[in-house]
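Let me begin by presenting the structure, written as structure tokens, before commenting on it.
If you read the sequence from its start, that first residue is 1, and numbering goes on from there. Both counts, for ligands and for their atoms, begin at 1 and track the order of listing. Keep in mind that the numbers below use all heavy atoms, side chains included, and drop hydrogens, waters and symmetry copies.
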Amino acid sequence: MSIANRIARLGTETAFAVSDDARAWGAQGHAIYPFHLGDINIPTPANIMDAAAKAMRDGKTGYPPAAGIPELRAAIAEDISKDRGVIYTMENVSVQPGGKPVIGKFLSALMNEGDEVLYPNPGYPIYESQIQYLGGVAVPYGYEMTARGFRLKREQIEASLTPRTRLFIYNNGQNPLGAESDDEEMQWVADFCIRHKLWVMSDEAYFHMRYSGRSQSIVSLPGMQERTIILTAHSKKYAMTGWRLGAAVGPREVIDVISRLNVNQESCTTHFVQYAGVEALRGDQSGYLRIVEILKERRDTLAAALRKIRGVSVYVPEITFYLFPEVTEVYRRLGSKSAQEFRKAALHQTGVSFCSREHFGRPLPGEERVYIRLAYSGIDKGRIEEGLEGLKKFWES
Ligand code: PLP
């Protein structure tokens with residue numbers, strides 16, 4: 001059997017290997033503190049589950065339209081418009097089975113072979129995988145740590161631009177860094193994309209996972225709505241990761257192409273799940289507010305515990321459910337030879353499981369500091385405290 005050549009260009013989420021390690025260690029009877037996966041261990045709010053059950057009983061079990069049921073497209077358009085101060089209608093929305101499919105469909109719709117795409121690194125690993133798989137050239141851009149959190153490396157972005165650059169992937173409310181642009185930085189990104197006539201995918205998967213202040217979207221800036229596709233999803237906001245519900249939102253001519261891709265790929269997003277999606281957006285929001293409250297408490301608990309460990313420094317973002325602490329001093333103190341060895345030592349000595357920077361793209365030249373990512377969406381407060389106590393003892397030993 002010979003596998004097709006293009007598969008050599010397809011990446012994966014290497015973080016799943018971390019889950020395998022944790023599972024194997026747990027199977028041997030050890031306690032595991034899971035900080036590695038961006039999944040949520042909080043149930044989906046009851047009103048959303050009830051709406052799905054009702055829709056199923058009401059016979060919403062056949063094929064819905066490829067672009068999504070009109071009620072959900074309209075609800076998403078309304079939701080995106082209200083929060084971002086722009087106007088979208090249902091024609092601007094293509095419902096998807098999750099946020100993730102928007103990445104490949106955005107690229108399929110707008111990227112020709114050999115086109116260059118600027119994308120964040122460290123960043124969500126599927127960007128690089130899909131760019132390369134679909135025949136584009138993946139051009140990474142990085143971030144630097146400042147007193148106000150992670151900031152885009154603007155000179156690197158400028159220097160990476162070539163006549164073949166066509167697309168820009170922007171993940172504000174960034175996984176894994178929790179990076180968020182201030183007004184000035186977002187305006188810089190917008191000016192850059194307008195000046196160089198780039199299409200933008202604005203990955204807003206974490207737009208609502210925030211603990212203070214207000215999220216901003218690049219589509220709110222003049223000249224951006226017409227060149228931007230928003231990736232939005234119910235997954236994080238309503239603890240619906242396994243339901244698979246999201247959408248691409250943007251100019252109609254691109255959205256029509258994306259819906260044609262739906263026809264060719266999955267046909268449609270699960271029918272009754274879309275009714276649950278309408279209830280999520282239009283119904284009682286107390287479930288969502290409770291999710292944010294729980295996550296905030298976990299974030300504060302984790303940040304406080306990390307700050308007590310000698311040699312760890314951490315910036316605490318107001319968005320996402322990740323912390324990305326710097327652990328260079330600990331790494332050196334333990335005499336670690338690789339990120340993998342450092343990670344596995346923590347797992348085997350303390351049961352604490354996390355991802356390292358390497359799980360979010362190949363490190364760029366000049367990166368010397370060592371970072372890890374801790375997700376607090378899948379572990380309760382008491383277990384965070386317990387796990388971090390063990391980690392402190394081990395790392396300070
Ligand atoms: N974009 C980012 C930055 C993510 O972290 C994720 C999921 O973790 C996604 C998109 C995909 O989300 P979904 O589960 O809705 O496909």
Side-chain angles (χ1 to χ4, degrees), residues 11-16 18-19 34-42 44 48 68 72 76 79-80 93-107 117 119-131 140-141 143 150 168-181 200-210 215 217-218 228-249 258 262 265-266 269-270 273-274 276-277 280-281 288 291 295 317 319-324 355 357 359-361 373-378:
T12 185
E13 288 196 49
T14 52
F16 284 115
V18 181
S19 301
F35 290 98
H36 50 275
L37 263 193
D39 205 351
I40 308 176
N41 71 339
I42 305 169
T44 304
I48 300 174
L72 180 59
I76 291 173
D79 185 62
I80 297 277
V93 177
S94 178
V95 173
Q96 301 295 321
K100 189 185 263 183
V102 178
I103 300 168
K105 288 175 186 171
F106 162 76
L107 295 168
V117 186
Y119 74 100
N121 174 350
Y124 191 51
I126 298 306
Y127 306 141
E128 184 183 88
S129 169
Q130 287 288 309
I131 296 165
Y141 63 82
Y143 294 78
F150 290 94
F168 189 95
I169 296 181
Y170 181 50
N171 179 206
N172 195 41
Q174 210 258 16
N175 176 12
L177 304 178
E180 191 174 22
S181 295
V200 176
M201 188 189 80
S202 181
D203 183 338
E204 302 185 3
Y206 295 93
F207 195 83
H208 294 281
M209 303 321 294
R210 69 172 312 126
S215 291
S217 169
I218 199 156
T228 303
I229 302 297
I230 296 174
L231 177 161
T232 184
H234 281 55
S235 309
K236 318 284 179 185
K237 181 175 184 187
Y238 298 109
M240 290 175 75
T241 51
W243 292 67
R244 311 311 300 137
L245 188 60
V249 181
I258 288 179
N262 296 356
Q265 296 181 7
E266 66 285 330
T269 296
T270 309
V273 164
Q274 296 193 44
L281 292 172
Y288 156 62
I291 291 166
L295 291 175
I319 192 162
T320 73
F321 38 60
Y322 307 111
L323 294 182
F324 199 73
C355 291
R357 185 262 176 267
H359 293 108
F360 303 96
R373 188 198 77 171
L374 297 164
Y376 48 88
S377 50

Quiz item: Is the gap between the ring centers of Phe321 and Tyr206 under 6.0 Å?
Solution: yes
Exercise. Using ring-ring contact (aromatic ring centres under 6.0 Å, His included) as the criterion, list what pairs up with Tyr170, not counting sequence neighbours.
Key: none
Quiz item: Would Glu13 and Lys100 pass as an ion pair if we require N to O under 4.0 Å?
Solution: yes
Self-check item: Ile76: which of Leu245, Thr232, Ile230 passes side chain to side chain contact (heavy atoms under 4.5 Å, CB included)
Solution: Thr232
Quiz prompt | Short side-chain to backbone donor-acceptor contact, Gln174 and Leu177, under 3.5 Å | solution = yes
Quiz item: Sub-3.5 Å donor-acceptor pair from the side chain of Arg373 to the main-chain atoms of His36, do we have one?
Solution: yes
Exercise. For ligand 1, list the protein residues that place a heavy atom within a distance below 4.0 Å of one of its atoms, sorted by chain and number.
Key: Gly98, Gly99, Lys100, Tyr124, Tyr127, Asn171, Asn175, Asp203, Ala205, Tyr206, Ala233, Ser235, Lys236, Arg244
